[in-house]
Amino acid sequence: MAPKTVWLDGEFLSYAQAGIPPLSHSIAYASTIYEGMRSYSGHIFMLSDHLVRLRKSAAIFMHSVLYSDDQLAEICYELLKRNMLNDGYVKILVFYDDGDNSFAARNCSSRVLVAALPAPIVRPVEKWKLVISSWRRPPPNCHPYGAKTSSTYALSFLSHRPRPSWADDVLFLCTEGKVCEASGSNIFFVKGKKLVTPTTATALAGITRQLVIDQLAKKCGFDVEIRDVDADEIALFDGAFLCGTAVEIKEVGQIGDVLFAESNISTKLSEALAAAVRSESERAAFIADA
Ligand code: PMP
């Protein structure tokens with residue numbers, strides 16, 4: 001659904017007014033970087049972490065973002081208000097315009113678009129089934145994994161077309177047969193009291209993943225191990241879950257032929273995530289009132 005109002009390079013515009021040049025470099029050459037953030041009851045969760053990642057992605061793609069973090073934060077909140085959204089999904093996209101029609105983009109300028117959308121609708125099944133994608137993720141020296149960039153999603157898009165009807169999402173392996181991540185979220189495996197998650201060599205450094213590592217796992221009584229996970233190992237784990245801004249925490253019941261038994265770890269982690277959202281919102285409200 002199109003938002004009523006968006007923000008483009010300094011102006012609040014209706015969606016229809018925000019005409020983006022059809023020959024923009026980023027449309028043809030996948031040079032957009034972006035962030036997707038979640039607002040809960042009007043509070044944008046982990047906004048500053050998303051802005052840090054936006055700057056990192058911008059640096060990798062040599063974008064200049066001329067707006068400060070405070071300005072971007074203000075625009076995000078203003079858009080939530082103008083679009084009458086409390087629980088929403090806010091996107092900041094930085095893309096190259098049509099200053100030049102070659103991939104080198106020497107005369108292109110970075111443009112910044114911010115949009116507030118309704119909260120994402122994720123498949124409402126309790127335990128997701130993952131199919132292993134026939135597309136493999138390229139090695140780290142063949143793709144800029146340090147950036148959250150539109151180019152990553154070429155494989156996400158292709159891996160869903162077609163995707164078997166029984167599967168809720170796909171799991172990517174790299175060319176060496178190691179687990180990377182799902183099409184729009186990171187993965188953790190469960191083994192006893194330990195969570196195991198792949199490195200970010202061929203996966204996005206997810207903000208939710210980092211929150212699980214830094215805080216949520218401990219709150220739920222788990223240690224975390226970050227290491228390569230071979231596809232052959234999947235069957236040896238007790239369970240798995242996905243995490244990300246849109247999917248939050250999603251238990252995985254099946255990966256390919258491997259079925260995982262019922263576990264309550266994802267429920268516990270979902271509760272821990274909800275508590276983290278509440279406590280950050282309360283802290284922000286306290287600071288605003290002080
Ligand atoms: N991996 C991919 C490919 C993603 O698109 C996302 C969603 N942004 C994630 C992981 C999870 O990242 P985050 O927790 O920052 O949303």
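One-based numbering, in listed order, for ligands and for the atoms of each.
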Give a table of atom pairs where an N or O of ligand 1 lies under 3.5 Å from a protein N or O.
{"residue": "ligand 1", "atom": "1 (N)", "partner": "Glu181", "partner atom": "OE1", "Å": "2.5"}
{"residue": "ligand 1", "atom": "5 (O)", "partner": "Tyr153", "partner atom": "OH", "Å": "2.4"}
{"residue": "ligand 1", "atom": "8 (N)", "partner": "Lys148", "partner atom": "NZ", "Å": "2.8"}
{"residue": "ligand 1", "atom": "14 (O)", "partner": "Ile207", "partner atom": "N", "Å": "3.2"}
{"residue": "ligand 1", "atom": "14 (O)", "partner": "Thr208", "partner atom": "N", "Å": "2.9"}
{"residue": "ligand 1", "atom": "14 (O)", "partner": "Thr208", "partner atom": "OG1", "Å": "2.6"}
{"residue": "ligand 1", "atom": "15 (O)", "partner": "Arg53", "partner atom": "NH1", "Å": "2.8"}
{"residue": "ligand 1", "atom": "15 (O)", "partner": "Arg53", "partner atom": "NH2", "Å": "3.0"}
{"residue": "ligand 1", "atom": "15 (O)", "partner": "Ile207", "partner atom": "N", "Å": "2.8"}
{"residue": "ligand 1", "atom": "16 (O)", "partner": "Thr245", "partner atom": "N", "Å": "2.9"}
{"residue": "ligand 1", "atom": "16 (O)", "partner": "Thr245", "partner atom": "OG1", "Å": "2.5"}

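Applying the salt bridge (Lys or Arg N to Asp or Glu O under 4.0 Å) test to pairs two or more places apart or on separate chains, those with a residue in residues 114-133 are Arg123-Asp168, Lys127-Glu262. For residues 177-193, the salt bridge (Lys or Arg N to Asp or Glu O under 4.0 Å) pairs, not counting sequence neighbours, are Arg137-Glu181, Glu176-Lys178, Lys191-Asp238. Residue pairs that meet the salt bridge (Lys or Arg N to Asp or Glu O under 4.0 Å) test with at least one member in residues 219-230, sequence neighbours left out, are Lys194-Glu225, Glu225-Arg227, Arg227-Glu233.
Checking side-chain atoms of Tyr29 against main-chain N and O of Asn101 turns up a donor-acceptor pair under 3.5 Å.
A donor and an acceptor atom, one from each side chain of Asp169 and His160, are located under 3.5 Å apart. Side chains of Ser102 and Asp100: a donor on one and an acceptor on the other come within 3.5 Å.
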